[in-house]
Structures are given as C-alpha cells and as structure tokens.
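Take a look at the structure below.
In this chain, residues are counted from 1 in sequence order.
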Amino acid sequence: MTIFKQLSLAFLVLLCSSSAFTQESLTTAQWQEDLTYLKETVHKDYPFLFKKITAEKWDAAATAFYDKIPTMQDHEVKVGLSRMVSLFKYGHTQVPFSTVASQGVLPVNLYHFEDGVFVEGATKENAAIIGARVLKIGTIPVLQAIEKVRAVVPVENESYLKAYGMRFLTVPAVLHAQGVIPTYSTAVTLTLEKDGKQFTHTLNTIPLDGLSRDYGFTIPSEQWESGRAQDTTPFYLKHLNDKLYYFEMIPGTKTLYVRQSSVFHDDEETLQDFYKRLFEFIDTTDVQKLVYDVRLNGGGNNYNNKPLIKGLMARPKINSRGKFFYIIGRNTFSACQNLTNEIQQYTEAIIVGEPTAENINFYGDTRRVTLPNSGLNAYLSFAWWQDRSQWDNKDWTIPHLAVAMTSEQYFTNQDPVLDVALNYIEKGAILNPMDYLTELFTAGKFAEVKSVGIQVAKDPKYKYYNFEDEFGTAGYRLFSGGNKEGGLFILELVAEMYPASMGALYSLASAQEEMNQTDKAIANYTKLIKQDPTNELVPTAKKKLADLQKQ
C-alpha cells in the first residue's frame with residue numbers, strides 16, 4: 001500500500017485498531033511522562049500542524065491537562081490525550097477511536113439526519129428503540145451532548161462531526177470525561193421519542209468488536225437490526241459489502257448511475273480496470289446523463305484518480321452542464337476530497353448533496369507516535385495536500401445543490417439526493433451564487449446584487465454557504481483594494497442582511513469612519529455597543545467612538 005492518502009481501509013484500521021500492549025493502569029507520573037513525550041514530539045517533528053491552533057494555545061491546553069492528570073481516572077486521561085491531538089482539527093491526525101472506546105460502547109448506531117439524531121440501528125435486544133429520535137443522553141439534550149464530545153473528535157468541519165463524531169456519543173468513557181454523564185457507568189439512559197411518545201431506555205455496553213456497521217450504517221446480522229426497510233435497497237447502498245464500486249443504468253431512463261466508495265483498488269477489479277470498463281460502456285450505450293456518487297467515499301490513493309478525470313474530460317457528450325452530476329456527502333474525505341477538487345476544476349459537474357468532511361487543502365498521511373508508558377498510539381499527519389491556492393482554501397466543498405436526508409426518507413429507502421440530480425431543470429439555475437453576484441456587481445447592476453443576494457441567502461439550496469462571511473470578505477477585499485465605494489456598498493448590504501452580526505456592523509462602521517462618514521460611523525459603533533455590551537469588539541468600538549466624538 002502506498003503512503004498516499006491513507007484513508008478508506010487504512011483510516012478504518014486506524015480508527016478500530018487498539019495498541020497491542022496498552023496497559024490498563026498507570027501512575028500519575030507515567031501518564032504525565034506520556035503527555036510530555038507527545039508534546040515534545042509534536043514540537044520537534046510536527047510543528048507545521050500548528051495551523052489552526054497556535055503553539056502557545058496548544059501548550060497551554062497541555063499544561064492544564066498535565067496539572068489535572070492527578071485527579072483523573074485512566075479513561076479520562078485517554079480521552080484527554082484524544083482531545084490534545086484533536087485540537088489540530090485535521091481528521092487524519094488523531095488518537096484512534098478504539099483507544100477511548102476500549103472499555104465498551106453502547107449497542108446502538110446513531111445517525112444525524114436532517115431532522116435530528118436517531119437510533120438508526122441496534123442490537124436485537126434493543127430493537128424497540130430503533131427509529132426513535134434521541135432527545136437526551138443522560139440528562140443532557142443531545143445537541144448539547146454533541147458539543148461536549150466534539151472536542152474529542154478531530155473535527156475538520158460539521159460534516160466530519162456528523163460522519164465520524166456520532167460514534168463518540170455511544171462511548172460511556174467519553175460521555176463521562178466530557179461531562180455528559182456525572183459518573184462513569186457501563187449503563188447509560190437515553191430519552192427517546194417514537195410514534196409521538198417520549199420514554200427512557202437504558203443501554204448496557206458491549207465490547208467494541210461487537211459493533212456491526214459500515215459507512216455509518218448498520219449491517220443487519222444475527223445480532224443487529226437496521227431501521228431501514230429491507231425489502232428494497234437504494235442505489236447508494238447496493239453492494240456495500242461486496243463491491244467498492246459499481247455502475248448500472250437506472251431503469252426506465254438513459255441515466256447511468258455510478259457509486260465509487262473508495263479510492264483504493266477492489267480485490268476483484270482495479271480502479272483503472274473499472275474506469276476502462278465504465279468508459280467503454282458509456283461509449284457504446286446511449287447514456288444521456290451520468291450520476292457519479294462518492295458520498296460514501298472515505299479516500300484511498302489519490303494517484304488512482306487520474307484515469308477518471310482524463311476519461312471525463314475526453315467525453316463532452318456527458319461532461320457538460322446538466323448531464324453530469326457528482327454526489328458528495330459527509331463521508332467524502334481524504335483522497336476523495338482530492339478527487340472532488342479535480343472534478344470541480346476540470347469538469348462541468350453539477351455537485352449535489354451535503355458538504356464534504358475534508359478541508360479543500362489539508363494535512364493527511366500519518367505517522368504513528370507510540371507513547372512510551374501506556375503504549376497508546378497517536379497518528380500525526382505529515383503531508384500537506386494543496387489543490388487550491390491558500391486564499392481559496394475552504395473548510396469543505398459546498399454542493400451546488402444542497403440536499404440532506406431526513407430520517408423518514410432513509411428508513412423508507414428514499415434518496416432525495418439522487419432525486420434532485422434526476423429531476424434537475426437547467427432553466428434559471430444559479431449554481432455558483434458568489435460568481436453570479438460578482439458578475440452582476442462587475443456589470444454595475446447593484447440593485448440586482450442586493451435583491452439576488454438576499455434571495456440566495458434565504459434559499460435552502462444554498463444553505464451550506466456562509467454568505468455573511470463570503471459577502472463580508474468580498475466587501476473587505478474591494479474596500480482595502482481601493483474600490484472604496486464598491487466595498488462600502490457590499491458592507492452595507494451585509495449589515496442589512498445580518499443585523500444581529502457584530503462583525504458586520506463593526507466592519508461597516510470602520511469603513512464609514514475611513515470614508516469620513518462620521519455620523520454614520522458613530523451611529524453604528526453606538527448600535528454595536530448597545531446591541532451586545534459583552535462582545536469582544538466592544539472595547540475597540542468604544543475607543544473608536546470616543547475618538548470620533550472628539551472631532
């Protein structure tokens with residue numbers, strides 16, 4: 001196996017493998033020595049990981065953790081080590097899930113659907129709660145519980161948290177260490193809702209190797225049941241257990257559906273051979289539309305991507321707007337993020353689904369660091385993968401058409417993501433709202449910029465865009481770049497669209513101050529101070545206000 005983009009199989013191994021010689025009980029001094037070793041190793045060999053967090057803040061967290069170790073149980077220290085590594089916020093860089101889950105997990109599979117967190121599957125002894133919505137874990141509302149455990153998860157973005165973070169809610173060791181349950185217990189009570197009724201249900205832990213799930217979904221077995229109706233299977237879930245990739249024509253259409261769930265080779269067919277067979281089929285069949293689905297693709301070797309990109313670019317018959325649809329989702333990660341970057345750059349694909357779990361540019365490819373006393377492993381990334389310019393980096397790839405699945409749609413085998421691709425109508429579609437707004441602005445159509453900007457910001461198709469940030473950044477760049485009038489117009493629009501935003505109000509007031517619009521600047525600084533007196537921007541705003549009032 002190459003060192004490139006070790007995810008998919010490698011990532012799953014990383015998550016699920018335990019240290020071969022982990023001790024169950026160490027002295028305080030030994031745990032502290034392990035933490036010190038981790039700290040020294042990071043500074044010596046991985047200082048480049050201080051990208052999303054400064055070395056000073058990371059060291060401060062390490063010092064606070066070091067001082068607290070004497071009061072902690074072993075499982076709390078393990079969770080604490082996971083927190084330390086997760087502070088880098090790169091999904092590859094982590095302490096394996098198996099480390100914090102070694103004492104057992106709850107016998108349920110939780111999935112974060114569009115309408116909440118649900119019990120997607122469970123052991124047969126707990127079948128009665130399958131399909132129930134989770135309201136509380138212990139006494140803590142589930143969304144608060146997610147925020148409490150989030151620090152243990154190497155979160156790159158919200159999609160990563162949904163894809164890989166829900167499992168941490170089923171680990172009593174994590175729940176206790178993060179303050180979700182007050183004392184450590186192998187039994188945890190959930191508050192649930194099903195068929196309009198609320199009730200509680202207590203779950204007892206099982207060994208980690210007793211889980212039965214893949215790609216985040218339950219695999220039905222003698223011990224496990226899935227909440228999804230098993231009478232039929234949607235395209236994206238077909239052949240999950242026997243094929244990493246496959247394709248078939250959608251009955252009654254001229255649409256070819258392809259699912260690729262890894263960038264590693266399948267034992268039965270290499271990716272190169274698969275791509276060859278795929279394009280031969282396209283060339284000899286009346287394929288009018290191509291749907292390429294990588295929503296479950298966790299990565300692999302990104303050097304396997306090239307034949308697909310070359311094949312698509314050579315076929316304008318399908319590589320054209322409205323004929324090529326590319327489905328992404330919360331499991332799209334690592335080498336598949338690279339593939340997605342290339343699809344975006346070199347093809348005419350319309351991207352549909354949920355955002356990816358990976359940053360556009362990211363640290364991947366890990367080396368194992370084994371702590372000397374506990375034998376626990378941390379995996380630290382060393383390779384920087386940059387497909388886009390630094391200033392064009394984003395937390396994730398945003399789909400042109402946002403579609404997320406509800407619990408009912410999943411349980412009844414619907415696929416709203418595929419439906420959007422199949423029913424897409426080209427007329428009037430705005431696929432890249434920021435590009436479209438830029439065109440309007442460049443053409444001097446300011447009234448349209450305002451009306452369309454307000455429209456797209458409220459449109460659920462673009463719900464994953466952070467328009468406040470996008471607009472604000474655009475306004476700042478224009479203003480600081482010399483186009484004062486244009487920048488001020490955008491900053492005024494942002495403040496109007498997001499009246500509760502302290503940042504938008506401050507940026508506007510600062511621009512007005514620089515433009516010598518003193519009365520307007522004073523009014524907005526005053527409004528900011530009154531709106532949220534505790535905001536971190538208030539001290540600076542007060543100073544600026546005082547200086548303006550002296551003039």
Looking only at atom types and distance, does a side-chain atom of S82 sit under 3.5 Å from a main-chain N or O of V152, one as donor and one as acceptor? yes
Determine whether a donor-acceptor pair (N or O, by modelled atom type, separation under 3.5 Å) exists between the side chain of T218 and the backbone of P220. no
Less than 4.5 Å apart, any side-chain heavy atom of E358 and any of T340? no
Kindly state whether the ring of F362 and the ring of Y90 have centres lying under 6.0 angstrom apart. no
Are F325 and Y292 close enough that their ring centers fall under 6.0 Å? no
Y245 side chain to D266 backbone, donor-acceptor under 3.5 Å: yes
Can any side-chain N or O of D395 pair as donor or acceptor with the backbone N or O of N359 at less than 3.5 Å? no
Kindly state whether the ring of F97 and the ring of F168 have centres lying under 6.0 angstrom apart. yes
Considering only heavy atoms from C-beta outward, does the side chain of F199 approach that of I129 to under 4.5 Å? yes
Should K323 and E426 count as an ion pair when the cut-off is N to O under 4.0 Å? no
pair L203-N126: side-chain heavy atoms closer than 4.5 Å: yes
Would you kindly say whether D435 and T438 are connected by a side-chain donor-acceptor distance under 3.5 Å? no
Would you please test F467 and Y498 for ring pair (Phe, Tyr, Trp, His ring centres under 6.0 Å) and show each step? CA-CA 10 Å; F467 284 109; Y498 302 96; 8.2 Å; no
With a 4.0 Å cut-off, would you call R259 and D293 a salt bridge? no
Rounded to the nearest 0.5 Å, what separates atom CD in E125 from atom CD in E225? 9.5 Å
Surrounding CD of E193 (heavy atoms of other residues, nucleotides or ligands, distance under 6.0 Å), is the total greater than 12? yes
After noting the C-alpha distance and the side-chain angles of H92 and S334, does the key distance pass the side-chain hydrogen bond (donor to acceptor under 3.5 Å, both in side chains) rule? CA-CA 8 Å; H92 298 79; S334 193; 2.9 Å; yes
When you measure from the side chain of N423 to the backbone of D419, do you find a donor-acceptor pair of N or O atoms at a distance under 3.5 Å? yes
D459-Q455 side chain donor-acceptor pair, cut-off 3.5 Å: no
Using a strict threshold of under 4.0 Å (side-chain N to carboxylate O), is an ion pair present between K197 and D195? no
Could you tell me if the side chain of V369 sits less than 4.5 Å from the side chain of N377, heavy atoms only? no
Quick check: Y111 with F118 (ring centres under 6.0 Å apart)? no
Side-chain contact, heavy-atom cut-off 4.5 Å: Q272 with N304? yes
Inspect the contact between E348 and R321 and indicate whether a charged nitrogen and a carboxylate oxygen are less than 4.0 angstrom apart. no
Using modelled atom types only, decide if a donor and an acceptor are shared between the side chain of Q94 and the backbone of P154 within a distance under 3.5 Å. no
Quick one: does T473's side chain have a donor or acceptor within less than 3.5 Å of a partner on E470's backbone? no
Please confirm whether K52 makes a cation-pi placement over W58, using NZ or CZ under 6.0 Å from the six-membered ring centre and within 45° of the ring normal. no
Would you say the ring centers of F382 and F48 fall short of 6.0 Å from each other? no
Check whether NZ of the Lys or CZ of the Arg R228 lies under 6.0 Å from the centre of the six-membered ring of F411 and within 45 degrees of that ring's axis. no
Short question: side chain of N305, backbone of N302 - any donor-acceptor pair under 3.5 Å? yes
Check: K317 side chain, I282 main-chain N or O, donor-acceptor pair, under 3.5 Å: yes
Can E280 and R277 be counted as an ion pair, charged N to O under 4.0 angstrom? no
Check: D387/N338 side-chain N/O donor and acceptor closer than 3.5 Å: yes
K238 bridged to E248 by N-O distance under 4.0 Å: yes
Run L110 and V142 through side-chain contact (heavy atoms from CB on, under 4.5 Å) and show every step you take. CA-CA 11 Å; L110 304 181; V142 67; 6.0 Å; no
Got W224 and L211 here, is their nearest side-chain heavy-atom distance under 4.5 Å? yes
Does any N or O in the side chain of T285 come within less than 3.5 Å of the main-chain N or O of V287, such that one atom is a donor and the other an acceptor? no
With a 6.0 Å cut-off on ring centres, are Y160 and F333 close enough? yes
Counting neighbours of NZ on K276 that are heavy atoms of other residues, nucleotides or ligands and sit closer than 6.0 Å, is the number greater than 12? no
Note, V117 side chain near I146 side chain (heavy atom, < 4.5 Å): yes
Would D283 and R315 pass as an ion pair if we require N to O under 4.0 Å? yes
Step through the shown structure and confirm whether more than 12 heavy atoms of other residues, nucleotides or ligands are within 6.0 Å of CD on E268. no
If we only count heavy atoms from C-beta on, is the E158 to W396 side-chain gap below 4.5 Å? yes
